[in-house]
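In what follows, a structure is listed as structure tokens, so that the remarks can point back to it.
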Amino acid sequence: HVQLVEFGGGLVQAGGSLGLSCRFSGVFFCSHYMGSFRQAPGKDWAVIADIGYRSESAVLSDSAWGRLAISKDNHMNSVYLQINRLNPEDTGVYYCEAARSRSVLGQVSARESDYDYWGQGTQVTVSS
């Protein structure tokens, strides 16, 4: 069955950097489009970046633009998120999601329900 597992969350001081990874298994990775969502405390899920199977990518969060990079490794069936210059507003649970349809790419208003699969999330806490 399809499984997405996120790694790399934790407690980080403001100004620091963090790398998150997502391992995808169960179906053909290269045929899916990947998204990264964040659920901040008390808020809805919000898409922050996505990446296509040809590694075309987009940062969809204004607050993260210039500080975040998303990449993938098709051989490792993995997606990576690097966030620099962290601030307390980056705190939240980060989810990795996968979709069969390319229509999810570039959609700043994308919802988690637009994707077909998602992981259990990993908590990121940024202390000031």
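Since the model is a prediction, treat every value here as computed from it, not as a measurement. Note: hydrogens, waters and symmetry copies are ignored here, and every other heavy atom, side chains too, is used.
- A side-chain donor from one of R100 and Y117 sits under 3.5 Å from a side-chain acceptor of the other.
- A donor-acceptor contact closer than 3.5 angstrom is absent between the side chains of D73 and S78.
- In this structure, L11 and S127 approach most closely via the heavy-atom pair CD1-CB, 4.2 Å.
- Figure legend: cation-pi geometry between K72 and F24 absent, as NZ or CZ is not positioned both under 6.0 Å from the six-membered ring centre and within 45° of its axis.
- Residues passing the side chain to side chain contact (heavy atoms under 4.5 Å, CB included) test with A58 are D50, L60, sequence neighbours excluded.
- At least one side-chain heavy atom of Q120 sits under 4.5 Å from a side-chain heavy atom of E6.
- At a threshold of 4.5 Å between non-hydrogen side-chain atoms, the residues F29 and N74 count as touching.
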Test ring pair (Phe, Tyr, Trp, His ring centres under 6.0 Å) applied to Y33 and Y115, step by step: CA-CA 9 Å; Y33 303 90; Y115 286 73; 9.3 Å; no
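- Classification of the W118-W45 ring pair by plane angle, with boundaries at 30° and 60°, yields perpendicular.
- With contacts defined as side-chain heavy-atom distances shorter than 4.5 Å, the pair I51/E56 does not qualify.
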Candidate pair R85 and S17, rule side chain to side chain contact (heavy atoms under 4.5 Å, CB included), full reasoning: CA-CA 6 Å; R85 303 192 303 281; S17 298; over 6 Å; no
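- Annotation: the span from S36 atom OG to L20 atom CG amounts to 7.0 Å, rounded to 0.5 Å.
- At distances below 3.5 Å, not a single donor-acceptor pair connects side-chain atoms of Q39 with backbone N or O atoms of V93.
- Closest heavy-atom contact between I70 and S57: CG2-CB, 3.6 Å.
- Legend: residues meeting side chain to side chain contact (heavy atoms under 4.5 Å, CB included) with S25, ordered by chain and number and at least two apart, are Q3.
- Side-chain atoms of R23 come within 3.5 Å of backbone atoms of M76 as a donor-acceptor pair (strictly under, hydrogens ignored).
- V126 meets the side chain to side chain contact (heavy atoms under 4.5 Å, CB included) test with A14, L86, P88, D90, T91, V124; sequence neighbours excluded.
- Contact record, G19 with Q82: CA-OE1, 3.7 Å, taken as the closest heavy-atom pair.
- Rounding to the nearest 0.5 Å places CG of D114 at 7.0 Å from CZ of F37.
- In the hydrophobic clustering of this structure, W65 groups with I83; members are Ile, Leu, Val, Met, Phe, Trp, Tyr whose side-chain heavy atoms approach within less than 4.5 Å, directly or through other members.
- Heavy atoms of other residues, nucleotides or ligands lying less than 6.0 angstrom from OH of Y80 number more than 12.
- Proximity of a side-chain donor or acceptor of R67 to a complementary backbone N or O of N84 within less than 3.5 Å is detected.
- Between G8 and L18, the closest heavy-atom pair is O-CD1, 3.5 Å.
- Looking at heavy atoms from C-beta onward, L68 lies in side-chain contact with I48 at the 4.5 angstrom threshold.
- Taking each heavy atom of D116 and A99 in turn, the nearest pair found is OD2-CA, 3.3 Å.
- Salt bridge status for E89 with R38: absent, with no side-chain N to carboxylate O gap under 4.0 Å.
- For the pair L81 and V79, the minimum side-chain heavy-atom distance is 4.5 Å or more.
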Side chain to side chain contact (heavy atoms under 4.5 Å, CB included) evaluation trace for M34 with E97: CA-CA 6 Å; M34 307 299 292; E97 304 215 354; over 6 Å; no
